[in-house]
Amino acid sequence: MATVISYGAAGVVTGSCHLFSIEGGPNILIDCGMFQGQEEDLNYSSFDFDPSQIDYLLVTHAHLDHVGRIPKLVKEGFAGIIYATDATQDLTEIILLDSAKIMKEDYETNYRKAQRRGKEDDIVEPLYEEIDVEAAFDLTWHHPEYDQPFTLEKGITVTYRNAGHILGSAFIEIAYQEHGVEQTIVFSGDIGNDNDMVLPDLEKCTHADYLYVESTYGDRDHQNAETSITEFKRIIIDTLNNWGNVLIPSFAIERTQEILCILKEMHHRKELPECKIFLDSPMATRATEVYRNHSDLLSQECQDIKKRDGTIFDFEDLVYTLDVKASKAINDVDRRAIIIAGSGMCTGGRILHHFKNRLWNRKNAVIFIGYQAVGTLGRHIVDGARWVKIYHEDILIRASVHTVNSFSAHADQSAIVRWISQIEGLHRVFLIHGEEDKQVILRSVLKNALHQKAHIVEPEEVIYL
Ligand SMILES: [Zn+2]
């Protein structure tokens with residue numbers, strides 16, 4: 001009998017980690033992500049399985065909540081084979097090195113603070129270091145191509161299909177034999193939003209017996225994409241025409257590349273007033289380079305832009321600022337600048353410097369394009385804070401604050417239901433990667449719309465297939 005146990009992303013959104021075991025066969029782990037936000041402390045407990053007993057790790061995509069504990073897995077004994085698309089491996093390397101760097105910086109800051117109080121023994125060591133990230137890349141990585149089934153072991157065939165979520169993302173189909181009968185289980189990873197300008201749409205899943213599906217937005221539909229993009233453009237044009245500056249806190253992967261594409265097209269159509277655009281994020285710059293290197297995986301729209309201009313993410317007036325000196329020089333531009341910088345939720349990174357220098361000016365605008373978690377500076381500002389503390393200084397917010405919501409890289413409720421409705425032969429659906437209240441709503445929508453029963457997976461619950 002085959003079983004699945006979810007060691008993360010069960011009842012919560014983060015920490016994706018599912019162990020699929022076939023009786024007398026291999027142990028296959030699907031993703032090994034980091035817990036984030038309120039669940040962060042869970043990262044520091046040992047795995048509730050033996051990493052040395054895992055034969056294969058199948059990675060769906062490079063977001064931290066799907067790959068963030070891979071170095072820990074390796075540190076604790078995993079020595080198997082890793083499967084990820086080529087683009088996913090490239091992005092994973094950027095993500096994990098950045099994560100190790102942030103943990104090291106946080107540790108050093110906390111250690112200094114604790115040392116002053118004589119309590120340095122209380123400080124938790126980083127989850128892993130750069131050297132552990134390198135060890136993960138010393139293992140064997142295979143790069144499946146989309147829609148090309150491959151044999152994992154005798155009787156087990158795996159197919160990666162385009163999930164349209166971020167570059168290289170996949171949902172994974174595993175076909176295996178059970179008492180001579182072929183069964184197929186599909187792990188959705190995160191599935192994409194059809195309105196993404198940069199990536200092709202989520203691929204159809206035609207057949208599955210069992211489905212593990214994400215439910216991040218299981219309770220709602222996104223704002224209409226066209227209306228949101230029109231609104232996004234209007235804020236930019238109005239602010240620049242009024243001699244102000246636009247600040248866009250952005251996630252390094254996917255969101256940034258989409259914004260760059262929109263701005264490039266505005267520039268091409270002469271909709272953009274004369275301005276300077278700065279991508280002030282070394283990580284987003286590196287991620288954009290990976291997008292360039294894998295441009296064959298991008299949408300038809302991007303292919304057309306490349307054919308027209310020879311490049312997808314570059315145009316005059318767009319500056320990639322790499323070093324700190326170039327970043328500081330942005331301060332000298334007092335009007336008509338668009339500054340895109342991380343971190344996406346304003347918990348660190350260069351966006352803080354730009355906020356400090358520009359939030360006080362009523363001519364400026366801030367556009368939030370991603371989800372802002374409770375407790376982050378971004379959320380505080382979105383919720384209407386008048387004053388914020390940045391680098392020990394109180395800053396009065398006079399800039400206008402906007403939220404444009406349609407840039408989500410996740411499928412919304414209608415898209416999830418539509419995707420599931422196309423799957424033939426489905427016996428059982430398991431909901432993962434979502435908050436419980438949202439999963440309850442999705443479960444009842446699936447029952448009413450598709451007469452499909454769905455089970456909300458509990459952490460470490462053993463599911464017998
Ligand atoms: Zn994701």
Side-chain angles (χ1 to χ4, degrees), residues 4 6 8-16 18 30-31 33 37 39 60-61 63 65-66 161-166 169-173 184-196 199 201-228 370-374 403-459 461 463 465:
V4 183
S6 295
V12 293
V13 177
T14 62
S16 256
H18 311 281
I30 292 92
D31 289 338
E39 292 100 41
T60 61
H61 68 287
H63 272 148
D65 59 330
H66 292 257
R161 300 205 188 270
N162 201 331
H165 170 61
I166 63 170
S169 64
F171 64 88
I172 300 174
E173 296 175 3
T184 304
I185 183 165
V186 170
F187 291 89
S188 75
D190 289 347
I191 51 174
N193 176 352
D194 284 351
N195 301 311
D196 193 315
L199 295 179
D201 289 349
L202 160 69
E203 223 181 296
K204 205 168 147 180
C205 176
T206 49
H207 171 81
D209 296 286
Y210 308 105
L211 170 68
Y212 269 68
V213 65
E214 70 128 323
S215 47
T216 319
Y217 288 98
D219 64 329
R220 70 186 109 149
D221 282 347
H222 299 317
Q223 265 174 12
N224 177 283
E226 220 168 295
T227 320
S228 299
Y371 174 71
Q372 304 297 312
V374 177
T403 303
V404 178
N405 272 330
S406 75
F407 289 104
S408 175
H410 287 268
D412 59 12
Q413 185 190 77
S414 300
I416 297 171
V417 173
R418 205 165 45 241
W419 187 67
I420 295 177
S421 74
Q422 296 169 331
I423 304 175
E424 280 178 19
L426 202 51
H427 294 319
R428 290 158 78 189
V429 173
F430 300 94
L431 303 183
I432 45 161
H433 202 284
E435 289 158 13
E436 205 183 330
D437 53 335
K438 299 183 170 84
Q439 295 180 318
V440 168
I441 294 171
L442 180 62
R443 183 175 60 185
S444 78
V445 172
L446 286 171
K447 190 164 176 242
N448 294 332
L450 306 180
H451 307 293
Q452 179 68 59
K453 261 188 165 178
H455 176 76
I456 297 173
V457 178
E458 300 281 333
E461 179 188 6
I463 303 284
L465 301 177

N/O donor-acceptor pairs under 3.5 Å from side chains in residues 436-443, not counting sequence neighbours:
residue: Lys438; atom: NZ; partner: Glu435; partner atom: OE1; Å: 2.5
residue: Gln439; atom: NE2; partner: Ser215; partner atom: OG; Å: 3.2

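Considering only heavy atoms from C-beta on, Asp194 comes within 4.5 Å of Leu202 through its side chain. Side-chain atoms of Val213 and Trp419, non-hydrogen and from C-beta on, do get closer than 4.5 Å to each other. Ile30 is listed as a side-chain neighbour of Thr60, based on a closest heavy-atom distance under 4.5 Å. Inter-residue side-chain proximity for Leu431 and Leu446 is flagged as met; some heavy-atom pair is nearer than 4.5 Å. Taking the side chain as every heavy atom from C-beta outward, Asn193 and Tyr217 never approach each other to under 4.5 Å.
Listed for the Gln413 side chain is a donor-acceptor partner under 3.5 Å among the backbone atoms of Gly218. Between the side chain of Asp412 and the backbone N or O of Arg220 there is no donor-acceptor pair closer than 3.5 Å. With hydrogens and angles ignored, the 3.5 Å screen pairs a side-chain donor or acceptor of Glu203 with a backbone N or O of Asn162. Counting only distance, with no hydrogens or angles, the side chain of Ser16 and the backbone of Gly33 share no donor-acceptor pair below 3.5 Å. With His222 contributing its side chain and His410 its backbone, the two residues share a donor-acceptor pair below 3.5 Å. Although no hydrogens or angles enter the test, the distance criterion places no donor-acceptor pair under 3.5 Å between the side chain of Glu458 and the main chain of Ile456.
Separation of atoms CD1 (Ile416) and CG (Asp221) is listed at 9.0 Å; rounding is to 0.5 Å. Atom CD1 of Ile191 sits about 7.0 Å away from atom CD1 of Ile420, to the nearest 0.5 Å. From Gln422, atom CD reaches atom OG1 of Thr206 across 9.5 Å, with rounding to the nearest 0.5 Å. With rounding to the nearest 0.5 Å, the separation of NZ in Lys453 from NZ in Lys447 is 8.0 Å.
Scanning all heavy atoms of the two residues, the minimum distance from Ala9 to Ile432 falls at O-CB, 3.4 Å. Here the closest heavy-atom approach between residue Ile166 and residue His63 is recorded as CG2-CE1, 3.4 Å. Contact detail for Lys204 and Phe171: the closest heavy-atom pair is O-CZ, 3.8 Å. Taking every heavy atom of both residues into account, Ala163 and Ala170 meet most closely at CB-C, 3.7 Å. Residues Asn448 and His451 approach most closely at O-CE1, 4.1 Å, considering heavy atoms. Listed here is the closest heavy atom pair of Gly8 and His18: O-CE1, 3.5 Å.
Every residue meeting the side chain to side chain donor-acceptor pair (under 3.5 Å) condition with Glu173, not counting sequence neighbours, appears here in chain and number order: Arg161. Residues that satisfy the side-chain contact (heavy atoms from CB on, under 4.5 Å) test with His455, not counting sequence neighbours, are Phe430, Val457, Glu461, Ile463. For His66, the ring pair (Phe, Tyr, Trp, His ring centres under 6.0 Å) partners two or more places apart in sequence, or in a different chain, are His61, His433. The side chain to side chain donor-acceptor pair (under 3.5 Å) check on Ser444 picks up nothing, with sequence neighbours excluded. Scored by the salt bridge (Lys or Arg N to Asp or Glu O under 4.0 Å) test, Arg428 finds no partners at all (sequence neighbours excluded).
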